[in-house]
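Below: one structure, written as structure tokens.
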Amino acid sequence: MDLLIKNGTIVTATESFVADLAVKDGKITAIGKDLDTDAKEIVDATGKLVLPGAIDAHTHMAMPFGGTVSADSYLAGTRAAACGGVTTIFDYPVQHAGETILGLVNSKRKVLEKEACVDYAMHCCITNLNDGEILDELEKAVAEGITSFKCFLVYKKEGMMVDDATLARLLLRAKELGAMINVHAENPDLIDLNIENFLKEGKTSAWYHYLSRPEYVEAEADQRAVHWAKHLDAPIYIVHMADKEGLEACIRAKEEGAPVYVETCPQYLEFTCDVYKREDGRNFVCSPPMKGQESLDALWEAIKDGFIDTIATDHCPFQSYEKDWGKDDFTKIPNGCAGVENMYPYMLDAANSGKITFEKVVELCSANPAKIFGCTDKGSLSIGKDADIVIYDKDKDFTISVSNMHSDCDHTIWEGKKLHGYPVQTYLRGKLVYDNGEFVGTPGMGQYIKRKPREQ
Ligand code: URP
Ligand code: ZN
Ligand code: ZN
């Protein structure tokens with residue numbers, strides 16, 4: 001036995017119980033009372049929670065976007081992940097016209113092999129079908145373990161949007177292959193119209209980022225995406241859900257049995273659109289933007305009622321000087337915020353305060369993303385699974401500040417947020433990668449996850 005974690009409270013998606021947990025060769029080999037202490041290393045977790053590592057199914061590391069490249073390299077972003085209890089990330093490389101999926105993914109894998117501090121998978125964003133060749137390539141990509149693909153229904157001017165026909169073709173092909181289509185749902189024409197009008201009127205502050213893409217702009221595209229999924233009976237995963245009306249459409253579709261999955265992010269559970277009125281409002285600019293209190297409340301209700309499937313971060317940070325490009329024109333602010341290090345601690349704090357249960361957090365942040373996206377070795381503390389483990393101290397107080405984060409970004413929208421309870425250790429396949437405030441892993445130790453297609 002390589003590692004024995006003794007006397008912790010093991011938390012799964014369905015139950016919590018005090019037990020020992022044994023690890024050998026990176027796998028969980030036993031869970032039970034008074035396990036043999038013949039281990040190379042013994043960790044006393046008395047009074048602590050022992051949780052599966054989180055899976056952040058939505059990151060954008062080193063992504064060319066908004067006239068620059070997102071601030072975290074794969075090394076910095078996965079280092080931050082490990083320090084926030086995330087042991088797997090799903091990154092989103094973006095395919096452009098003329099590029100193949102596997103050409104793109106393989107080039108990213110070369111970088112990740114050297115830099116990744118946690119395990120990784122990729123959803124590939126498809127922006128152009130290359131005269132249909134991409135539809136043929138999907139099968140090869142699925143065979144290589146890329147079993148989910150993203151469509152932007154937005155970013156039209158940026159050349160990243162897919163039209164409805166492309167979305168439908170991808171949904172149908174993905175369904176045949178046991179793959180998933182992920183969708184960023186906002187209506188680009190409404191956004192462009194609003195932006196044009198605001199700029200003409202000299203309305204240029206970050207507040208107009210929100211007003212150019214408010215609730216109804218997201219809701220229209222959510223409803224359209226769900227409509228397609230329902231009528232084509234093809235699975236769809238709506239990323240970063242942020243509005244009540246769109247969420248309600250998803251809930252109705254789910255209740256009718258449509259294969260609709262919903263992700264939201266901590267920023268939509270914590271902040272309202274009022275942040276865009278702040279002096280530093282541009283730092284909060286992401287798309288979709290934070291919405292009103294009604295949407296925030298609806299998201300929490302949907303979590304409690306089981307209608308949200310996953311929590312992810314949409315980690316896509318930009319440095320302050322880049323955010324400042326939009327000081328006098330919100331359209332020049334690169335869209336995105338840091339979050340990979342904050343997701344698990346934030347959701348666990350919500351459990352610690354009694355808002356939701358710890359089991360629910362494990363379900364949303366680990367078990368469900370593993371299940372939905374075919375990571376069969378991840379997502380649960382059970383025998384045979386990877387020993388991706390977080391030890392959590394329910395009594396440790398922590399105040400988030402850029403100075404105690406491990407990203408390369410020079411600011412955080414979570415600055416000053418007080419959390420009760422915090423991860424104290426993270427293990428990746430049985431190896432310690434985070435220890436009480438310090439990253440102690442090695443870049444390159446993260447491994448590619450070859451995912452399984454969905455059962456048909
Ligand atoms: O503002 C965001 N979300 N930036 C990253 C790209 C995306 O839309 O997910
Ligand atoms: Zn998006
Ligand atoms: Zn994103």
Side-chain angles (χ1 to χ4, degrees), residues 55-72 77 81 89-96 121-127 148-162 167 180-188 191 195 206 209-210 212-214 217-218 221-222 225 236-243 246 261-269 271 273 275-276 281-291 310-319 322-323 325-326 330-340 342-343 369 373 407 409 411-413:
I55 296 174
D56 184 350
H58 192 155
T59 71
H60 303 274
M61 309 300 180
M63 182 173 83
F65 193 57
T68 180
V69 176
S70 60
D72 275 334
I89 64 152
F90 277 68
D91 206 52
Y92 274 105
V94 181
Q95 173 264 358
H96 292 282
M122 278 174 264
H123 315 284
C124 185
C125 305
I126 310 282
T127 70
S148 45
F149 306 92
K150 181 175 181 183
C151 294
F152 292 106
L153 304 187
V154 70
Y155 303 138
K156 192 175 186 176
K157 283 200 234 151
E158 292 83 346
M160 291 159 78
M161 188 193 90
V162 301
L167 171 64
M180 175 76 87
I181 297 299
N182 304 355
V183 166
H184 173 147
E186 287 183 292
N187 183 304
I191 295 169
I195 288 177
H209 172 71
Y210 163 64
S212 62
R213 43 214 311 160
V217 166
E218 186 181 334
D222 288 327
I236 202 164
Y237 177 93
I238 312 281
V239 302
H240 48 46
M241 171 62 65
D243 80 290
Y261 300 87
V262 181
E263 168 196 284
T264 191
C265 312
Q267 56 271 31
Y268 304 118
L269 297 171
F271 304 110
C273 51
V275 291
Y276 299 112
R282 63 190 165 281
N283 290 344
F284 293 78
V285 164
C286 58
S287 292
M290 281 45 129
K291 305 296 200 305
T310 64
I311 306 289
T313 66
D314 198 12
H315 182 86
C316 188
F318 295 97
Q319 304 292 12
E322 294 164 319
K323 290 287 192 185
W325 293 337
F330 69 92
T331 65
K332 297 196 167 56
I333 305 169
N335 285 204
C337 304
V340 72
N342 312 114
M343 170 180 81
F373 291 119
S407 145
C409 191
H411 64 98
T412 168
I413 58 172

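Every number for a ligand or one of its atoms is a count from 1 in the order of the listing.
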Kindly assign one of parallel, tilted or perpendicular to the pair Y276 and Y210, based on the angle between their ring planes and the thresholds 30° and 60°.
->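 It falls in the parallel class, under 30°.
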Is the Zn ion (ligand 3) under 2.8 Å from any N, O or S atom of H60?
->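 Coordinating: yes.
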Tell me which one of F65, Y155, Y92 gets a heavy atom nearest to atom 7 (C) of ligand 1.
->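 Residue with the shortest heavy-atom distance to the ligand atom: Y155.
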What residue and heavy atom of the protein are closest to [atom], and at what distance?
atom	result
atom 3 (N) of ligand 1	D314 OD2, 2.6 Å
atom 1 (O) of ligand 1	S287 N, 2.8 Å
atom 4 (N) of ligand 1	N335 O, 3.0 Å

Ligand-residue contact atoms, ligand 1 with [X], heavy atoms, under 4.0 Å:
X	value
K150	9 (O)
H184	7 (C), 8 (O)
H58	9 (O)
C286	1 (O)
G336	1 (O), 2 (C), 4 (N)

Looking at E186, M241, R213, which hits side-chain contact (heavy atoms from CB on, under 4.5 Å) with P288?
->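 Option passing the side-chain contact (heavy atoms from CB on, under 4.5 Å) with P288: E186.
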Among H315, H240, M290, whose side-chain contact (heavy atoms from CB on, under 4.5 Å) with C265 holds?
->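 Of H315, H240, M290, side-chain contact (heavy atoms from CB on, under 4.5 Å) with C265 is met by H240 alone.
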Give me the atom names and distance for the closest heavy-atom approach of [X] to [Y].
X	Y	result
M343	P266	CA-CG, 3.9 Å
V154	P188	CA-CB, 4.2 Å
T310	Y237	OG1-OH, 2.7 Å
I181	C151	CG2-SG, 3.8 Å

Nearest 0.5 Å, what's the [atom1]-[atom2] distance between [X] and [Y]?
X	Y	atom1	atom2	result
W325	F318	CH2	CZ	8.5 Å
D72	Q319	CG	CD	8.0 Å
H58	D314	NE2	CG	3.5 Å
F284	H209	CZ	NE2	12.5 Å

Only protein N/O/S atoms count here: give how many lie under 2.8 Å from the Zn ion (ligand 2).
->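 Step by step: take the Zn ion (ligand 2), keep protein N, O, S below 2.8 Å, and you get 2.
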